[in-house]
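Since the structure comes first, as structure tokens, the remarks are kept for the end.
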Amino acid sequence: TQSTRPQRLLGAVQKNATRGDPRSVVQAIDQFCRQKEWAMNVGDEKGCILDSVVSEVNPATVLELGTYCGYSTVRIASLLPPHAKLITLEFNPDFAAIARQVIAWAGVEDKVHLVEGASGDWIPKMTEQFGVKTFDLVFLDHWKDRYLPDTMLMEECGLLRKGSILLADNVICPGTPDYLEYVRSSLRYESQYFKSHLEYTKVEDGLEKSVFLG
Ligand SMILES: O=C(NC/C=C/[C@H]1O[C@@H](n2cnc3c(NCCO)ncnc32)[C@H](O)[C@@H]1O)c1cc(-c2ccc(F)cc2)cc(O)c1O
Ligand SMILES: [Mg+2]
């Protein structure tokens, strides 16, 4: 039977990356996506912006919406301080299974809790299930029409505190117009656009960093 693109991406990691070396896993995926098959990872260019935001925030608690194959999960986890926790939500079981193996190959499983399920169902359960009061950093990279509703849900559930950072991928391509309008016009956010390119292409895209003001 035919393999899927995520399965082929995992194969490239297992073939070309060193077990326990997160940077080599990131590099192997970027090489696979540049040379073999494009995939919707945040990629190396936007990934550097992601790295700089993670390093600046130095978060103890991170929420990622949309794990896919675990590329950004590994990037973020490799920069976290020792007892920090990254919870990543993925509702496609096939993608979740691949991501678990990518995360394990990178050796960052101790910092990552991959939850198989939909953000809408799990955001309200974060505190009771994982003992998380608020998130220092949220990385949004799931269905683009869910960025806004899930941000409002996080606000309602009290998961954001004064200074919490939202970092959103793809605000230009494919685009998240309603989310962008919200965080840029709301008095409760201070927003900043980081211009970049769609992963592995020359098409414009970027990340929006929004600080929740409480
Ligand atoms: O569509 C893009 N990303 C979506 C990611 C979805 C992943 O997240 C999972 N997911 C989705 N909603 C939820 C959810 N909750 C919501 C539903 O309940 N709860 C949990 N998990 C969820 C999916 O199962 C996938 O694993 C994209 C496209 C391009 C692109 C650009 C240009 C092109 F030409 C083509 C493509 C570039 C990018 O960087 C992109 O991120
Ligand atoms: Mg993306």
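Just so you know, residue 1 is the first one in the sequence shown, and it goes up from there. Both counts, for ligands and for their atoms, begin at 1 and track the order of listing.
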Counting from 1, what ligand 1 atoms have a heavy atom of [X] closer than 4.0 Å?
X: A118; answer: 18 (O), 19 (N)
X: C173; answer: 32 (C)
X: Y68; answer: 26 (O)
X: N92; answer: 24 (O)
X: D169; answer: 39 (O)

Exercise. Hey, are the side chains of I98 and Q7 touching, using non-hydrogen atoms and a 4.5 Å cut-off?
Worked result: yes

Exercise. Considering only heavy atoms from C-beta outward, does the side chain of E109 approach that of I103 to under 4.5 Å?
Worked result: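 Yes, their side chains come closer than 4.5 Å.
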
Who's closest to [atom] heavy-atom-wise, of [options]?
atom: atom 25 (C) of ligand 1; options: E116, E90, E64, K46; value: E90
atom: atom 19 (N) of ligand 1; options: A96, S119, P174; value: S119
atom: atom 13 (C) of ligand 1; options: H142, K144, E199; value: H142

For this session: Would you name the heavy atoms of D205 and C173 that are closest together and state the gap between them?
Result: OD1-N, 3.0 Å

Seminar exercise, completed: Closest non-hydrogen contact found for R5 with A39 is CD-CB, 4.2 Å

How far is [atom] from the closest protein heavy atom, and which atom is that?
atom: atom 36 (C) of ligand 1; value: W38 CH2, 3.6 Å
atom: atom 5 (C) of ligand 1; value: D141 O, 3.4 Å
atom: atom 21 (N) of ligand 1; value: F91 N, 3.2 Å
atom: atom 16 (C) of ligand 1; value: R146 CG, 3.5 Å
atom: atom 40 (C) of ligand 1; value: N170 OD1, 3.3 Å
atom: atom 31 (C) of ligand 1; value: L198 CD1, 3.6 Å
atom: atom 6 (C) of ligand 1; value: W143 CZ3, 3.2 Å
atom: atom 8 (O) of ligand 1; value: G66 CA, 3.3 Å

Exercise. Ion pair present between R100 and E116, side-chain N to carboxylate O less than 4.0 angstrom?
Worked result: yes

Exercise. Should the pair K144-D141 be classified as a salt bridge under the 4.0 Å nitrogen-to-oxygen rule?
Worked result: yes

For this session: Pick out which of E45, E208, E204 makes a salt bridge (Lys or Arg N to Asp or Glu O under 4.0 Å) with K195.
Result: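 Per the salt bridge (Lys or Arg N to Asp or Glu O under 4.0 Å) rule, the option paired with K195 is E204, out of E45, E208, E204.
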
Exercise. Between F95 and ligand 1, which residue portion shows a heavy-atom distance shorter than 4.0 Å: side chain, backbone, both, or neither?
Worked result: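 Side chain only.
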
For this session: Report the part of L65 (side chain from C-beta onward, or backbone N, CA, C, O) that has a heavy atom under 4.0 Å from ligand 1; answer both or neither where that applies.
Result: neither

Exercise. With respect to the Mg ion (ligand 2), what is the nearest N, O or S atom of D169?
Worked result: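 Sorting the N, O and S atoms of D169 by distance to the Mg ion (ligand 2) puts OD2 first.
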
Exercise. Angle subtended at the Mg ion (ligand 2) by OD1 of N170 and OD1 of D141, to 10 degrees?
Worked result: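 Taking the Mg ion (ligand 2) as the apex, I get 90° for this pair.
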
Exercise. Does the separation of the ring centres of H142 and Y147 fall below 6.0 angstrom?
Worked result: yes

Exercise. Honestly curious: do L89 and V102 fall in one hydrophobic cluster under the side-chain, below-4.5 Å linking rule?
Worked result: no

For this session: May I ask you to check whether over 12 heavy atoms, not counting those of K125, lie within 6.0 Å of atom NZ?
Result: yes

Exercise. Does Q14 CD have over 12 foreign heavy atoms under 6.0 Å away?
Worked result: yes

For this session: May I ask you to decide if the ring planes of F130 and W122 are parallel, tilted or perpendicular, using 30° and 60° as cut-offs?
Result: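 Correct class here is tilted.
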
Exercise. Strictly under 4.0 Å, does any heavy atom of G117 approach an atom of ligand 1?
Worked result: yes

Exercise. If you measure only the distance, is there a donor-acceptor pair under 3.5 Å linking the side chains of D30 and Y200?
Worked result: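 Yes, a side-chain donor-acceptor pair sits under 3.5 Å.
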
For this session: Please check atom 33 (C) of ligand 1 for a protein heavy-atom neighbour under 4.0 Å.
Result: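 No, there is none.
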
